[in-house]
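This report concerns only the one structure given below.
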Amino acid sequence: MTSAAAETSHDPRTGLPATTARPTSPEELARTMARAVAAAAGLSRVPPRERARWLYAVAEAVEAARDDLVRLADWETALGDVRLRGELTRTTDQLRFYADEAAAGHYLRVEHDTGDEQVPSMTRVSVPLGPVGVFGASNFPFAFGVLGHDTASALAAGCPVVVKAHPAHLGVSDRLFQIAHSALAAAGAPEGTLGIVHGFETGVALVKHPDLAAVAFTGSQAGGMALWRLANDRPVVIPVFAEMGTVNPVAVTPLGAARSDEVARGLVSSFTLGHGQYCTKPGLVLAPRGEEFAARVAAELVRVAPDPVMLTRRIAESVVSGIEALRGAGATTTVRLGGDGPGWSAPAAVLEVPLGQVKAGSEVLEEVFGAVVVVAEYDSPEQVLDTLAQWPGALAATLVAGPGEDPWAVRWLEALSGRVGRVVLDGWPTGAPLTRAQQHGGPWPATTQPTATSIGARALERFVRPVAYQGFRDELLPPAARRGNPWSLPCRVDGTWTDGGTS
C-alpha cells in the first residue's frame with residue numbers, strides 16, 4: 001500500500017473543509033486486524049444475551065452524546081437537525097433491535113436429530129464467520145454508518161467489525177467509534193470487537209486482508225461492484241453483502257390513476273426526501289396516457305420548490321450528468337429547478353420518456369442519486385408487463401392500485417415481485433421500516449446476495465454459516481449446539497420446535 005493524501009470531509013452548504021483524517025498505515029491495519037481476530041474467538045463463546053447487553057450499552061452511550069453528534073453530522077452532511085435527530089433515534093433503536101434478535105437466538109437455527117441404529121445423531125447450528133469489514137453509506141451517517149445496520153447485526157451475530165470510515169463524514173465516524181469503543185470496553189467486550197480504518201487504499205487492503213471473513217457495503221453500484229470484484233479476486237473468496245442503488249419503479253394502474261393528484265403529491269414528497277439521496281427513492285413512473293401525470297408531478301415540484309444541497313461535490317455533479325444522460329437516452333425535461341446555489345447544490349427535475357426507451361441497457365434504467373424522477377406513459381396495461389420484464393433488479397417498487405378489486409394490480413404484482421425485494425401498495429418505499437419481516441435487498445444488480453437483507457431480523461444471518469456435528473457427545477459440542485441447551489436457545493428436536501430452556 002503506497003502513501004496516500006489525507007481525506008477531508010466538507011460542509012456541503014459552503015464547500016469549505018470540515019474534518020481531516022490521516023489514512024491508516026499498513027502497520028496500523030495489521031494491528032487492527034490482529035485485534036479483531038483475537039476478539040473473534042472470544043465473541044463466538046459469549047452467549048447472545050451477553051452481546052445484547054453490550055449493544056444496549058452502546059445505544060445508551062450514543063444517546064448521551066446526541067446533541068454533539070447531531071451538530072457534527074449536520075456540519076458534514078447538511079441533512080438538518082430534525083432529520084438527523086430522527087436518524088440518530090432510529091440508530092439507537094436499531095442497536096437494541098439487533099441486540100434483542102441476538103438474545104432471541106433464532107438466527108442460530110439450532111436443530112437436533114436423534115440417531116438410531118440406521119442413522120447417526122446430528123446437530124446443526126450456525127457459527128459466526130469472523131471479522132467483518134463494513135463500508136457505510138454517505139447518505140445515512142448514523143443509520144448506515146459506523147454503528148448502522150451492518151455493524152449492529154454483525155456484532156449481534158458474534159462477529160468483530162472493522163469499519164472503513166466514510167470520507168463524507170469523517171468527524172461523525174470517528175466520534176461514533178470513540179463512543180462505541182469506550183462503551184464496549186466498559187461493558188466487558190474484548191478489545192478488537194470494533195475497529196476503524198481510514199483511506200481509500202486502506203479500504204482496498206482491508207478487503208484483501210487474509211483474516212477478513214466478509215464485507216458489508218451500502219452505496220453506489222460502482223462501489224459495491226468494486227468491492228465484490230476485490231473479494232472474488234482473493235486467494236480465498238469471501239462474501240460481499242452489497243446493497244446498491246437502483247431505479248425503483250412506480251406502476252400506476254388505470255384504476256389507480258383516478259387519484260393522480262394525490263399520487264403526484266406523494267411521489268414528490270418521496271423522491272425529494274433527503275434531496276433524493278435514498279437508495280429506495282422512486283426513480284421511474286409508469287402511468288396511463290391521458291392523465292398528464294408528468295405535468296401534475298412537475299406542478300407539485302414547483303410548489304414544493306426544493307433546492308437540494310447534496311452530500312458531496314461528486315454526488316452533486318453526478319445529478320447534473322445523470323440528467324444529461326437521461327436526455328441523451330430520449331427523455332425530455334418537464335421541469336428543472338435550482339442547482340445554482342452555493343456549496344454542493346444540484347437541480348431537482350421531472351422528465352418524460354417514451355415507454356419504448358424503457359428497455360434493458362438504456363440509461364433510463366440507471367439511477368440518478370438525487371431529486372430526479374422520470375415518467376413514462378403507457379397505452380395499454382399489457383405494455384407495462386413487457387416493460388417490467390426488462391427491468392433490472394431493484395430494491396423496492398410501488399404499486400398504485402384502484403380501490404377494491406383491481407385485476408391489473410394482481411397481474412402486475414407478480415411481475416414486480418420478480419424484480420424487487422419489497423413491494424409497497426399505495427405508499428412510498430423511501431425509508432425502510434425496521435421490522436422483523438423487512439427485506440432490504442433485491443435481485444442482482446440491486447445486491448450481490450439476492451437472498452440477504454441488510455435490515456430486519458434476517459440481517460444477522462449474513463454473518464453466520466451452518467455447521468453440522470455428527471455423532472458427538474454433548475460435552476464436546478460448542479455451547480449453542482448442546483442438547484442441554486445452556487444458552488436457552490430456541491431449537492428443533494426431531495422436527496419439533498421448542499422456545500428455549502432445556503431440550
Side-chain angles (χ1 to χ4, degrees), residues 48 52 55 59 83 86-109 126 132 134-137 139-140 142-145 147-157 159 214 216-219 224 239-250 266 270 273-274 277-283 393-399 413 416-464 490:
L55 290 173
R83 150 71 193 271
E87 186 186 329
L88 190 141
T89 296
R90 172 173 173 162
T91 302
T92 55
D93 288 347
Q94 290 167 193
L95 287 161
R96 295 185 177 101
F97 175 91
Y98 293 117
D100 292 342
E101 286 302 311
H106 295 284
Y107 75 99
L108 292 169
R109 306 287 181 212
S126 294
V132 174
V134 169
F135 292 72
N139 55 338
F140 286 95
F142 298 136
F144 272 97
L147 297 176
H149 286 280
D150 291 332
T151 297
S153 55
L155 291 175
C159 296
F217 168 85
T218 301
V240 173
F241 300 99
E243 179 261 287
M244 300 175 284
T246 57
V247 176
N248 303 297
V250 177
S270 182
L273 185 65
Q277 298 169 120
Y278 274 58
C279 57
T280 51
K281 181 205 77 174
L395 295 171
T398 289
L399 176 61
L413 177 59
L416 288 168
S417 300
R419 289 289 179 264
V420 305
R422 175 170 55 109
V423 185
V424 181
L425 177 64
D426 296 334
W428 303 102
T430 33
L434 178 57
T435 70
R436 288 179 174 80
Q438 179 62 268
Q439 176 63 27
H440 190 56
W444 183 281
T447 66
T448 53
Q449 299 281 345
T451 59
T453 179
S454 59
I455 300 178
R458 300 277 181 163
L460 278 71
E461 296 177 11
R462 296 175 294 169
F463 306 115
V464 295

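All of these numbers come straight from a predicted model, not from anything done at the bench. Numbers for residues simply follow the sequence, beginning at 1.
A distance of 10.0 Å separates CG in Leu55 from OG in Ser153, rounded to the nearest 0.5 Å.
Side-chain atoms of Gln439 never come within 3.5 Å of backbone atoms of Gly421 as a donor-acceptor pair (strictly under, hydrogens ignored). A donor-acceptor contact shorter than 3.5 Å is absent between the side chain of Thr218 and the backbone of Glu243. Side chain of Gln277 to backbone of Gly274: a donor-acceptor contact under 3.5 angstrom is found. A donor-acceptor pair is defined here as one N or O able to donate and one able to accept, closer than 3.5 Å; such a pair exists between the side chain of Thr398 and the backbone of Gly427. Under the 3.5 Å distance criterion, the side-chain polar atoms of Thr91 are matched with a main-chain donor or acceptor of Glu87. A donor-acceptor pair under 3.5 Å is absent between the side-chain atoms of Asn248 and the main chain of Gly283, judged by distance alone. With hydrogens and angles ignored, the 3.5 Å screen pairs a side-chain donor or acceptor of Gln94 with a backbone N or O of Ala143.
Tyr278 and Phe140 have their aromatic ring centers within a separation under 6.0 angstrom.
Screening residues 446-456 for side-chain hydrogen bond (donor to acceptor under 3.5 Å, both in side chains) gives no qualifying pairs among residues at least two apart or on separate chains. Applying the salt bridge (Lys or Arg N to Asp or Glu O under 4.0 Å) test to residues at least two apart or on different chains, the pairs with a partner in residues 435-460 are Glu101-Arg436, Arg458-Glu461.
For the residue pair Cys279 and Asn139, the shortest heavy atom distance occurs at N-ND2, 4.2 Å. Residues Trp428 and Ser270 come closest through the heavy atom pair CB-OG, 3.6 Å. Taking all atoms of both residues into account, the shortest heavy-atom contact from Arg422 to Pro433 is NH1-CD, 4.1 Å. Shortest non-hydrogen contact noted between Gly431 and Thr280 is N-OG1, 3.4 Å. In terms of heavy atoms, Gly224 sits closest to Met244 at CA-SD, 3.8 Å. Residue Leu413 comes nearest to Leu399 through the heavy atom pair CB-CD2, 4.2 Å, listed as atom of the first residue, atom of the second, then distance.
By the 4.5 Å heavy-atom criterion applied to side chains, Pro429 and Leu395 are not counted as neighbours.
Residues passing the side chain to side chain contact (heavy atoms under 4.5 Å, CB included) test with Pro443: none are found, sequence neighbours excluded.
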Going through the distances and angles, do Phe463 and Phe241 end up as a ring pair (Phe, Tyr, Trp, His ring centres under 6.0 Å)? CA-CA 10 Å; Phe463 306 115; Phe241 300 99; 5.8 Å; yes
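A cation-pi arrangement is not found for Arg462 relative to Tyr98, the charged atom failing to lie both closer than 6.0 Å to the ring centre and inside a 45° cone about the ring normal.
Taking the six-membered ring where tryptophan is involved, the planes of Phe144 and His149 are tilted, since the angle between them lies from 30° to 60°.
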